[in-house]
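In what follows, a structure is listed as structure tokens, so that the remarks can point back to it.
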There are 2 protein chains.
Amino acid sequence: MHEVSAVETALHGLRTLIADGSLHPGDRMPSEGVLSEQLGVSRGSIREAIRTLSALGVVETRRGAGTFVGELRAADMIRTLSLTVGLLPLESVLELYELRRVLEAHAVALSAARCDDATLATLGDLLDRLEATEDVDEQSALDHEFHMGIVRLCGNESLGSMVSVLRSRSRAYPVLTPETKRVSDAGHRAILRGLTSRDPVAASVAAAAHVTQSEVWLRERRPAPEAIG
Amino acid sequence: MHEVSAVETALHGLRTLIADGSLHPGDRMPSEGVLSEQLGVSRGSIREAIRTLSALGVVETRRGAGTFVGELRAADMIRTLSLTVGLLPLESVLELYELRRVLEAHAVALSAARCDDATLATLGDLLDRLEATEDVDEQSALDHEFHMGIVRLCGNESLGSMVSVLRSRSRAYPVLTPETKRVSDAGHRAILRGLTSRDPVAASVAAAAHVTQSEVWLRERRPAPEAIG
DNA sequence: GCAGTAAAACCTGTCCTACAAGTATGTGCA
DNA sequence: TGCACATACTTGTAGGACAGGTTTTACTGC
């Protein structure tokens with residue numbers, strides 16, 4: 001057998017502190033110096049373990065104040081994927097379109113049963129502006145706002161977070177041209193009609209078709225990706 | 001504005017090396033000492049940045065040999081979530097059941113159109129053994145093997161990885177009793193029938209029902225979770 | 001007594017050095 | 001050619017030191 005590394009020891013210790021209820025969401029963890037002594041590893045190893053948990057959305061460190069246990073919500077942990085999806089090759093992005101299609105369609109179906117008139121009006125305004133503008137950046141921003149505004153209504157934060165991650169990567173590829181934009185605009189209206197008539201199936205089908213259309217455009221054109229902020 | 005931290009500098013530098021094509025999947029990265037000099041930060045900061053990327057499944061470190069760029073597949077990055085789902089409270093787990101139901105049902109539908117007779121025979125053997133044994137640990141292992149054996153066939157690694165993550169957490173809750181196991185066994189047979197008849201809809205519906213059944217049992221009993229390895 | 005301020009204690013962020021331990025490389029001998 | 005060994009290189013870990021934040025404490029002036 002091979003020796004257990006110091007960082008693994010630290011990681012296990014920190015995980016246990018959270019898992020066994022010694023630390024609750026929002027609590028401040030013991031300082032790095034104290035943890036170093038308690039777990040019997042150097043402060044550097046403690047810091048590397050904390051970095052790992054921080055990258056995964058489990059803890060959050062504030063300089064000078066301490067390291068705090070996160071809210072331990074699934075949405076937060078899923079969100080951490082957004083830092084890495086930007087490194088995936090086009091092949092993987094196309095693979096993720098299948099996840100996005102299924103999840104976004106489901107989310108829209110849920111939202112169709114929950115949205116109110118005020119929200120529908122807001123979404124309609126977004127589409128009006130989206131159809132009016134010719135600025136590509138503004139189009140992308142409005143498109144994202146429209147879709148995420150719907151997904152946020154679905155009542156499942158994890159689902160919304162996952163869709164957000166999947167969408168963030170797709171946004172890096174500019175597939176909208178004057179011609180494709182007309183089709184895209186029509187797709188948006190179809191989704192909104194489904195929501196307005198509180199028809200989950202119609203809205204869901206329209207969303208799935210919309211995602212699939214984007215995927216087809218991406219497969220056809222395979223443009224170079226733009227950097228993600 | 002606030003100064004950019006050293007670790008952020010290192011993280012950005014490493015990310016750029018991968019994103020701009022200087023480093024390809026499988027390549028060995030420059031040593032920590034070289035990176036430290038090139039990016040102008042200490043070796044400790046380089047190590048923390050590498051830890052972050054390692055936690056997110058982007059790079060892989062082998063002691064004495066070096067740090068290597070991962071395969072940059074979405075499935076690998078999704079898999080990193082499995083280290084943290086064990087920390088989620090029951091409330092979040094129930095939220096994730098919705099994702100699992102949608103994704104697993106979709107995966108099973110895809111598998112129904114792709115599976116061959118040999119695989120079906122293997123899956124049938126698994127169910128025979130699952131129905132025969134009374135050992136809880138073996139039941140859990142066989143159940144997992146059956147489900148993942150199906151999901152792996154779906155042809156989308158990301159989807160399979162995501163379902164695997166979602167299932168790993170559910171497995172920590174022992175909801176199987178002699179009574180519920182009979183229902184569970186029947187559910188497994190229904191899924192297998194759908195696969196055998198190459199009927200994606202039947203298989204998908206059976207899978208969704210199976211997941212929902214597990215969720216209902218969990219909501220009713222709310223047992224204490226068992227530690228995940 | 002109270003408010004405000006200054007000091008002290010504390011915490012994370014960073015860099016440095018040193019060494020242990022694992023891996024790959026190259027060299028020389030048989 | 002093939003094997004054994006020494007060497008260089010790489011990651012893993014520990015410890016010390018200080019900078020730059022935040023929180024707490026204590027003190028001063030009113």
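- What separates CD of B:Glu3 from C1' of C:dG13 is a distance of 12 Å, to the nearest Å.
- Reading DNA chain D from its 5' end, the first and the last nucleotide to sit under 4.0 Å from a heavy atom of chain B are D:dT10 to D:dT13.
- The interatomic distance linking A:Ile50 (CD1) with C:dG13 (P) rounds to 8 Å, in whole Å.
- A donor-acceptor distance shorter than 3.5 angstrom exists from the side chain of B:Arg15 to the backbone of A:Leu83, with no hydrogens or angles considered.
- What separates CZ of A:Arg47 from P of C:dC11 is a distance of 14 Å, to the nearest Å.
- Every salt bridge (charged side-chain N to carboxylate O under 4.0 Å, His left out) that A:Arg79 has, sequence neighbours left out, goes to A:Asp76.
- Using modelled atom types, one side-chain atom of A:Ser161 and one backbone atom of A:Ala75 make a donor-acceptor pair closer than 3.5 Å.
- No option in B:Leu53, B:Ile50, B:Leu14 other than B:Ile50 meets the side chain to side chain contact (heavy atoms under 4.5 Å, CB included) test with B:Thr67.
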Under-3.5 Å N/O pairs linking protein and nucleotides 7-10 of chain C:
none

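- The phosphate of C:dC11 (OP1 or OP2) has no side-chain N or O of A:Thr67 nearer than 4.0 angstrom.
- Contacts of B:Arg62 with the nucleic acid, taken as non-hydrogen atoms under 4.0 Å apart, involve only primed sugar atoms and P, OP1 or OP2.
- Among the heavy atoms of the strands, none lies under 4.0 Å from B:Gly44.
- Mapping A:Val41 and B:Val34 onto DNA chain D by nearest heavy atom places B:Val34 closer to the 5' end of the strand.
- For CD of B:Glu134, the number of neighbouring non-hydrogen atoms (other residues, nucleotides, ligands) closer than 6.0 Å is 12 at most.
- A distance-only check finds a donor-acceptor pair linking the side chain of A:Asn156 to the backbone of B:Glu95 [under 3.5 Å].
- In this structure, CZ of A:Arg43 is placed 6 Å from C1' of C:dT12, rounded to the nearest angstrom.
- Between A:Glu104 and A:Arg167, at least one side-chain nitrogen of the basic residue sits less than 4.0 Å from a carboxylate oxygen of the acidic one, meeting the salt-bridge criterion.
- For the side chain to side chain donor-acceptor pair (under 3.5 Å) test with B:Arg43, the passing option among B:Glu37, B:Glu48, B:Glu32 is B:Glu32; the others fail.
- Ring orientation note: the planes of A:His147 and A:His210 are close to parallel, at an angle under 30° on the 30°/60° scale.
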